Amino acid sequence: MSSSENIPAANFIRQIITNDLEQQKHTDVVTRFPPEPNGFLHIGHAKSICLNFGVAAENNGLCNLRFDDTNPEKESIEYMQAIEKDVAWLGFEWAELKHSSDYFEALYDFAVQLINKGLAYVDNLSAEQIREYRGTLTEAGKESPSRSLSIAENLDLFARMRAGEFADGAYVLRAKIDMASPNINLRDPALYRIRRVHHQRTGDAWCIYPMYDYTHCISDALEGITHSLCTLEFADHRALYDWILDNIEIDCHPQQIEFARLALEYTIVSKRKLNRLVTEGHVSGWDDPRMPTIAGLRRAGYTAASIRDFCERIGVTKKDAWIEMAVLENCIREDLNNNALRAMAVLEPLKVVIENYPSDGLEILEMSNHPQDESRGKRKVPFSQVIYIEQDDFADVPPPKYKRLIAGGEVRLRGAYVIKCNEVIKDDAGKVIELRCSYDADTLGKKPEGRKVKGVIHWVSAEHALDAEIRLYDRLFNVANPDAEDDFCDAINPDSLTIIKQAKLEASLAAAKPDVGFQFERVGYFCVDAMDSRSDKLVFNRTVTLRDTWFAK
RNA sequence: UGGGCUGUCGCCAAGCGGUAAGGCACGGGGUUUUGAUCUCCGCAUGCCCAGGUUCGAAUCCUGGCAGCCCAGCCA
């Protein structure tokens, strides 16, 4: 591995951090990854995870995992567990595991501070009224009558909100900033709402819950975060982030820096929409291999290293960028090409009888586990008279430049002999159902005498083959940007999953484990399905095809 | 139309006033018992547009144009 591979690519956030360290604005870097536990993490989160944990690690700093659990209606412990698993699987260690709810008491006290400074008030306007009072993008809003309540009245009302004296939605605590601000986030934003919902961690201790804008900056400050990295849509919220920290008694003021969220062609990265795919049954779950979730990618056979590599390659900027699927695919192909052991599997079997081979004959051939890396050793592959080859590897009427098996032609069986097709057997419908061939005994490990055989195809001994189900996944959507559709579900690719019920695998695959991918030579990269595969009913998922410059299907 | 942000190759992306890195994709050559891999070569006289400053501009200034985000008691 060359040293250049370890030098992280330049980006504006790394630049800011390096500069802050040089200027001694900070002596240490502390970041955080703050997911809301309302769904599974997806590839877009991976970008944020790699950034936050990455810049911390590069500077010998710390990164916390903090669940932003201020809206119990949508959140659950199950999602928290899935998130922890995914972050750890990606290869990152958090310094501390925190929850915004850990700070509910402190948050309440800071709210009292704001009230005491005359900077927050309790409003009895309804949600609809607040919306009307807020104004529009081009017109200033108007002040709520509650804005003139005294500090004592506000203190009393806020205490009674907490005490549960009011109905849900009857009151809200608002910051008193500027109803005419061109930044709508500053038009007296809500800080607390009343909501009698059981919280997954605090139970029924609270009936008021703090809003994101109010919670996030204070949580950051309480944890001593130096750089609070978030996506672009929060840029307008930075003024509020700063306003809150400037107006409470706290000695830490993290710097919020925004970067562009990931957009990947042919996928969606919106938890709300991914949730819909799951609940409407378009996929089998959050971890369906077609999902752009970390769990889905893992189940499909993506490695953590390939996802980290992807996140490094796409960069970090403030520009809305669309990443082509080919970038992600290249990352996993590169990893698996280097690391996956090779094996042979026939997806659509065609029976081949080698007539001049003894019917009770058996040879145990040795094949490289990795042709480019002999240190990976060899494996034993049985060869016998009846084998299966891929239906696609025989053509009755070959297209131009076809270099596999044709009637009367020769082809190399990978790691074994050269065979010649003598007879083609078809069923009544004209479909090729069997080939009668002969083999050249003098071609094992050596080139045939006096002629060239161009094609090489994979095969499996019929008697020794393992049956397996193979799931071929394709892109979930037919359009590059499903979000642009009236309903993104209309763009779902009906052929995103093809199930092959009875593929034939070489026997060595019986011991395959879900977390280690294989290259099925000439076909693609596959791994055992972690959920459905059993020793008596193997199930493999296709992670990605091999690059195919000859025939793009 | 108020505010915020962005515009460098088909897709990403370095560049920070000294004369356009790199990756993906694409095209072509070589090696190959995987039409894979590997390898070699090609791929922006130009950086949204127009002016200006300068010996010199993708980088600075001015003015346009285009795109994205914001009017949840969501995050």
Side-chain angles (χ1 to χ4, degrees), chain A residues 4 9-11 15 34-36 38 68 70-71 73-75 123 125-128 130-132 134-141 168-174 180-187 189-195 208-209 211-213 215-216 230-239 258 260 265 271-272 312-331 333-334 337-338 342 344 367-368 370-372 401-404 411-416 418 443 445-447 453-458 519-524 545-551:
Chain A
S4 64
N11 69 47
Q15 215 161 73
E36 181 187 13
N38 65 344
D68 216 333
T70 57
N71 186 4
E73 286 174 279
K74 297 180 180 172
E75 299 158 4
D123 200 347
L125 249 34
S126 69
E128 306 80 73
I130 286 180
R131 194 183 318 124
E132 287 162 17
R134 189 151 33 224
T136 69
L137 294 177
T138 52
E139 299 165 82
D168 286 12
Y171 288 92
V172 64
L173 181 73
R174 291 228 259 170
S181 173
N183 182 343
I184 289 179
N185 294 296
L186 263 22
R187 317 243 264 228
L191 266 23
Y192 270 90
R193 72 285 217 185
I194 302 173
R195 197 123 310 170
I208 57 173
Y209 291 99
M211 303 288 292
Y212 165 84
D213 284 309
T215 307
H216 203 83
C230 63
T231 44
L232 245 32
E233 65 271 26
F234 292 102
D236 287 336
H237 297 237
R238 193 176 59 237
E258 310 86 20
E265 289 188 346
K271 275 193 279 190
R272 203 194 97 245
E312 187 59 30
R313 288 193 204 199
I314 59 177
V316 179
T317 67
K318 301 186 76 147
K319 181 172 92 177
D320 293 305
W322 278 94
I323 308 296
E324 292 177 340
M325 220 14 138
V327 179
L328 215 209
E329 290 180 346
N330 178 264
C331 290
R333 284 197 184 107
E334 191 173 296
N337 176 54
N338 289 330
R342 315 283 118 130
M344 291 195 292
M367 292 185 70
S368 290
H370 191 127
Q372 280 77 44
K401 297 197 179 166
Y402 189 76
K403 55 186 217 188
R404 284 113 93 160
V411 77
R412 160 76 65 181
L413 293 177
R414 177 79 166 146
V418 168
T443 53
K446 61 170 83 165
K447 294 193 186 329
V453 174
K454 267 200 152 178
V456 180
I457 64 173
H458 58 281
Q519 183 195 99
F520 291 173
E521 287 192 297
R522 302 207 313 125
V523 180
T545 61
L546 248 33
R547 253 180 98 230
D548 189 350
T549 51
W550 184 67
F551 195 29

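Bear in mind that the values here come from a model prediction, so they are computed numbers and not experimental data. Chain A is the first sequence line, chain B the second, and so forth, proteins listed ahead of strands; every chain is numbered from 1.
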Practice item. Ignoring hydrogens and angles, answer whether the base of U33(B) and the side-chain atoms of R412(A) contain a donor-acceptor pair closer than 3.5 Å. Key: yes
Review point. Between the base of U34(B) and the side chain of R342(A), is there any donor-acceptor pair under 3.5 Å?
Key: yes
Practice item. Measure distances between side-chain N and O atoms of Q15(A) and base N and O atoms of C16(B), and say whether any donor-acceptor pair falls under 3.5 Å. Key: yes
Review point. Whole-Å distance between A36(B) C1' and E521(A) CD?
Key: 9 Å
Review point. Counting only distance, no hydrogens or angles, is the base of G4(B) paired donor-acceptor with the side chain of N183(A) under 3.5 Å?
Key: no
Review point. Which nucleotide in the set C26(B), U33(B), C24(B) lies at the smallest distance from any side-chain heavy atom of A326(A)?
Key: C24(B)
Review point. Short question: side chain of R404(A), backbone of V411(A) - any donor-acceptor pair under 3.5 Å?
Key: no
Exercise for review: When you get a sec, tell me which of A14(B), A36(B), C24(B) is the closest nucleotide to the side chain of T549(A)?
Suggested key: A36(B)
**Study point:** Side-chain donor/acceptor of R404(A) to base of G35(B), under 3.5 Å
**Key:** yes
**Study point:** Selected nucleotide, minimal atom distance to W550(A) side chain, candidates C12(B), G35(B), C74(B)
**Key:** G35(B)
Check your understanding: Regarding R131(A) and S126(A), is there a side-chain donor-to-acceptor distance under 3.5 Å anywhere?
Key -> no
Check your understanding: Between the base of G10(B) and the side chain of E324(A), is there any donor-acceptor pair under 3.5 Å?
Key -> yes
Review point. Taking OP1 and OP2 of C12(B), is either one under 4.0 Å from a side-chain nitrogen or oxygen of R313(A)?
Key: no
Review point. Any side-chain N or O of R134(A) less than 4.0 Å from the OP1 or OP2 oxygen of C73(B)?
Key: yes
Study note, to complete from the structure: The nucleotide from A75(B), C5(B), U33(B) with an atom nearest the side chain of D68(A) is A75(B)
Study note, to complete from the structure: Of Y402(A) and D168(A), the one whose nearest nucleotide on RNA chain B sits closer to the 5' end is Y402(A)
Review point. Choosing from C73(B), U33(B), C74(B), which nucleotide comes nearest the side chain of N71(A)?
Key: C74(B)
Point to revise | Distance-only donor-acceptor test, E132(A) side-chain atoms vs A71(B) base atoms, 3.5 Å | key: no
Check your understanding: Of the nucleotides C70(B), A13(B), C12(B), which has the atom closest to the K319(A) side chain?
Key -> A13(B)
Check your understanding: Below 4.0 angstrom from OP1 or OP2 of C12(B), is there any side-chain N or O of T317(A)?
Key -> no
Check your understanding: How is F234(A) classified with respect to the nucleic acid when contacts are heavy atoms under 4.0 Å: base, sugar-phosphate, or nothing?
Key -> base
